[in-house]
Amino acid sequence: MSQTSPILELQRQRMLLEIEYYTEKEAFRRQTEMIGLRRKVKRGDAWFPLRVGKSYYNSLNQLAVEVHRTADEEIEHNFEYGRPVCFFKAIPPLTPSKQEGKETNISYFAFTGMVSYVEDDRMVVTVPDGTRLADLQFSDGQLGIQLFFDETSYRLMFDALERAINARGNRQAYLRDLFYTRSSANHTSNLLPLTSNLPTVSLPWLNPTQERAVNEVLRAKDVAIVHGPPGTGKTTTLVEAIFETLHRESQVLVCAQSNMAVDWISERLVDRGVSVLRIGNPTRVNDKMLSFTYERRFEAHPDYPQLWSIRKAIRELRSQCKRGSESWHQKMDRLKSRATELEIRINAELFDEARVIACTLTGAANRLLERQKFHTLFIDEAAQALEAACWIAIRKASRVVFAGDHCQLPPTVKSIAALKAGLGKTLMERIVENHPQAVTLLEVQYRMNEEIMRFSSDWFYGGRVKSAPQIKYRSILDYDIPIEWRDTRCEEAPSGSPMGESERGGEEFVGETFGRINKREATLTLEELQRYFTKIGKTRILEERIDVGVISPYRAQVQYLRQLIKKQEFFKPYRKLITVNTVDGFQGQERDVIVISLVRSNDEGQIGFLRDLRRMNVAITRARMKLIILGDPDTLTRHPFYRKLWEYVEGLKEESPQVCT
């Protein structure tokens, strides 16, 4: 069977990435020009108005300014470390009377910044040296900030693909050819993942498949994959694999697609006693997380006060009137030389002390890692990373360990054409297909009641995932059915109901890109949750802190559900126990109770991106003890997955009460 050459396949990836790049850039342009300020704020892509706090030079000698969000604090935002941003000013200045029903014109400042870190309603942004901060500080309450198009990440991915394409006669070329070459019984090439004959390491605190996965990682000379379905302890296994690898290697590189995933595994490694150096700032800003960041370690170094004094002297010298004279240049050169010497010494000591260097995949291109090489690279969340992003980190390593689950959330791809042509196919997925012998599936899950887990196991994992005995029958109520599907097509608003006409109907379309909403189903979702809470009892919920996740694939439905919960008096005592979010927002999380509003309800049987079954796998596997699904079976069960799920849930009923009364 003929195979596409690795170089041709990578060139194809580059072409698809270009399509994605221009699609996203054009979408950003349209959003910037056409979508109003209030909409940007509501989407979480802008803060307005802002209060400007202190400004200072950070330990990396970058000019930083602190800003605070002063309105719409409850809207979840999309700002995170490393994302580019731009400041703007509302024109003309708004008065409260002018704000109502009128959109705002905005003027952008001529520079862009980068999020250094963000916590709740406070954000620190690094800006170019020499930026006139007075222009920001005296904006009379009309200052805002919004996300900017991320050229840097694309530039890094294009560069990584070019390097992989042009690699010749080195380790990167070998891994490239290996990853794109399919194993077969009659394969004559020697490009098959190699393993060593190391003795098996006994790890009795792990289950047998976790132990086998760690040993496969240790034996792999080229590549290994830890495939971790929901609740199977992927992070536990990966931490153990890293820990055991460090018995054989002095230092490893650990990367992930998202900052949150890097934080999570870094924290677990620190708890295990491993010295971690985190390149980039964490998403959760607390003393524990900050303690292993490069910036905090740099500031804590004994030589840092001396370096800070020299940098201050350089800035003062630059502001002097006599700049340009020979003595000025001599003094500047001496100060810069001394500062560089101190920086190199501090960096060398920080990297020598660390056993694990942790960063995002794009963070692997950080100048601090410019000349660093590692024998082993671990990539967590590998099934959510674009192939090009993985190559940024792979060029620094001799062998790669992927961990993730390609049956859960895929990478985010905005171009439908690029997605259909294969941009969403990850490098991990490709290796799973080409080299199944490099994959170890974790088969014991510790999260869900057996009946919640079984459907996912059968549909996505060939029935191989089983429940640990101690959680197999976990439930909140005795004789409870772990999964229910509430048929929303049968519900009629009672006479005198406060629901409007739109709420009595099915789905509605909201905005150009904002998504869909089903107000009636949202009302029924909270009715169902209220009914279940009443069964459990208020005292028990609060004492045992029984937590709930309300999930919808559509952001508009999520925001509507949040509004309803805020308005309803019944949920007031429980608000801290209830989280409402999209499927993507619940990735990696779990709750005692999960309620899913599927939204789609139409005569044509159109279900949109509910066809992406990996997202549904994430949604239905967040629940520990109770899963409640709300949806219109007439619309959804035309798709074989939802038909099978409906039949599975119906089959679990001890008796078959009618939903309609």
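Worth saying up front: this structure is predicted, and the values here are computed from it rather than measured. This chain uses plain numbering: 1 for the first residue, then up along the sequence.
- Counting only distance, with no hydrogens or angles, the side chain of Thr232 and the backbone of Gln445 share no donor-acceptor pair below 3.5 Å.
- Side-chain atoms of Ser597 and Glu521 include a donor-acceptor pair closer than 3.5 Å.
- Counting only distance, with no hydrogens or angles, the side chain of Arg555 and the backbone of Arg43 share a donor-acceptor pair below 3.5 Å.
- Between the Asp45 side chain and the Leu147 main chain, no donor and acceptor come within less than 3.5 Å of each other.
- Between the OG atom of Ser258 and the CH2 atom of Trp264 there is a distance of 13.0 Å, given to the nearest 0.5 Å.
- With hydrogens and angles ignored, the 3.5 Å screen pairs no side-chain donor or acceptor of Arg69 with any backbone N or O of Asp121.
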Notebook entry, point to check: Would Lys626 and Asp480 count as a salt bridge (charged side-chain N to carboxylate O under 4.0 Å, His left out) if you check the C-alpha gap in whole Å, the side-chain angles of each, and the deciding distance to 0.1 Å?
Noted result: CA-CA 8 Å; Lys626 182 72 173 183; Asp480 199 5; 3.1 Å; yes

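- Of the possible polar contacts, one joining the Arg12 side chain to the Ala421 backbone as a donor-acceptor pair under 3.5 Å is found.
- Below 30°, between 30° and 60°, or above 60°: for Trp391 and Phe179 the angle between ring planes is between 30° and 60°, a tilted geometry.
- No option in Trp485, Tyr461, Phe641, Phe460 other than Phe641 meets the ring-ring contact (aromatic ring centres under 6.0 Å, His included) test with Phe455.
- In this structure Arg29 satisfies the salt bridge (charged side-chain N to carboxylate O under 4.0 Å, His left out) test together with Glu26, Glu33, sequence neighbours excluded.
- For CZ of Phe570, the number of neighbouring non-hydrogen atoms (other residues, nucleotides, ligands) closer than 6.0 Å is greater than 12.
- Just one of Glu429, Glu381, Met428 meets the side chain to side chain contact (heavy atoms under 4.5 Å, CB included) condition when paired with Phe402; it is Met428.
- No side-chain donor-acceptor contact under 3.5 Å links Arg540 to the backbone of Arg545.
- For Glu450 and Ser467, the side-chain atoms include at least one donor-acceptor pair closer than 3.5 Å.
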Next item on the list: For the pair Val548 and Asp592, evaluate side chain to side chain contact (heavy atoms under 4.5 Å, CB included) and give the outcome as yes or no after the intermediate values.
Entry: CA-CA 6 Å; Val548 176; Asp592 294 322; over 6 Å; no

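- A side-chain donor-acceptor contact under 3.5 Å links Arg562 to the backbone of Val580.
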Notebook entry, point to check: side chain to side chain contact (heavy atoms under 4.5 Å, CB included) between Ile629 and Glu484: does it pass, once the steps are laid out?
Noted result: CA-CA 6 Å; Ile629 300 168; Glu484 294 182 54; over 6 Å; no

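- Donor-acceptor pairing under 3.5 Å is lacking for the side chains of Thr360 and Asn259.
- Open room surrounds OH on Tyr473; 12 or fewer heavy atoms of other groups in view lie less than 6.0 Å from it.
- Across all non-hydrogen atoms, the minimal contact from Ala522 to Tyr560 is CB-CD2, 3.5 Å.
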